[in-house]
Amino acid sequence: QAENYLALLEMVRAGLGWATLPRQLIQRELAKGELVELQLGAYPYTDWLVGVDLLWARQRVMGKAERWLKERLLRHKVYEVDRRGQSTTW
């Protein structure tokens, strides 16, 4: 276990085992042959969605970039439900 992906990457480089890392982070190492991608039948899911929360103060008017980001996230949001079946996405 590590605090972040970069720490995991350094641990793998040091030979301490394997890690699940975003492909974008390790493309150079894969291309150079420094790291190899394991093909694990028991773990077929190598791409995943990362949750993002957007918080803002309603008392303040959003700027152009903030509005763009909010609209973009709303267009591409993934709906999830909690244990009670309630939507976790607004």
Side-chain angles (χ1 to χ4, degrees):
Q1 182 174 336
E3 290 183 26
N4 57 56
Y5 289 134
L6 293 177
L8 284 173
L9 179 55
E10 290 306 314
M11 292 166 71
V12 169
R13 282 182 176 148
L16 295 175
W18 61 272
T20 302
L21 297 166
R23 189 172 284 113
Q24 297 88 343
L25 179 66
I26 59 169
Q27 284 178 340
R28 190 183 83 235
E29 288 85 353
L30 290 172
K32 289 182 172 182
E34 295 172 4
L35 295 179
V36 295
E37 184 174 359
L38 300 176
Q39 302 298 321
L40 304 175
Y43 190 74
Y45 307 104
T46 57
D47 293 321
W48 63 89
L49 299 175
V50 177
V52 175
D53 295 320
L54 177 64
L55 304 171
W56 67 92
R58 291 184 175 166
Q59 299 83 4
R60 192 175 62 77
V61 176
M62 283 188 173
K64 185 177 180 179
E66 294 165 311
R67 287 192 312 273
W68 177 89
L69 179 60
K70 180 183 175 189
E71 291 167 10
R72 177 108 175 142
L73 290 174
L74 284 171
R75 278 197 309 266
H76 299 283
K77 67 182 172 181
V78 175
Y79 292 90
E80 295 181 357
V81 293
D82 63 17
R83 293 181 194 143
R84 298 177 306 202
Q86 300 294 317
S87 176
T88 61
T89 308
W90 299 4

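Here the structure is a predicted model, which is why all the values come from computation and not from measurement. Heavy-atom basis, side chains included; hydrogens, waters and symmetry copies ignored.
Separating the CG atom in Leu35 from the CZ atom in Arg28 is a distance of 9.5 Å, to the nearest 0.5 Å. For the atom pair NZ of Lys32 and CD1 of Ile26, the computed distance is 13.5 Å after rounding to the nearest 0.5 Å.
Thr20 and Tyr5 make their closest contact through O-CE2, 4.1 Å (heavy atoms, listed as atom of the first residue, atom of the second, distance). When all heavy atoms are compared, the tightest approach of Val12 to Ala19 is CG2-CB, 3.6 Å. Among all heavy-atom pairs drawn from Arg23 and Leu30, the shortest one is CG-CD1, 4.3 Å.
With sequence neighbours left out, the side chain to side chain contact (heavy atoms under 4.5 Å, CB included) criterion links Trp68 to Arg72. The side chain to side chain contact (heavy atoms under 4.5 Å, CB included) check on Glu71 picks up Arg67, Arg75, with sequence neighbours excluded. For Glu29, the side-chain hydrogen bond (donor to acceptor under 3.5 Å, both in side chains) partners two or more places apart in sequence, or in a different chain, are Arg13. Applying the side chain to side chain contact (heavy atoms under 4.5 Å, CB included) rule to Leu6 yields the partners Asn4, Leu25; only residues at least two apart in sequence or on another chain are considered. Contacts of Arg60 classified as side-chain hydrogen bond (donor to acceptor under 3.5 Å, both in side chains), with partners at least two apart in sequence or in another chain: Glu66.
The closest side-chain heavy-atom distance from Leu54 to Leu74 is not below 4.5 Å.
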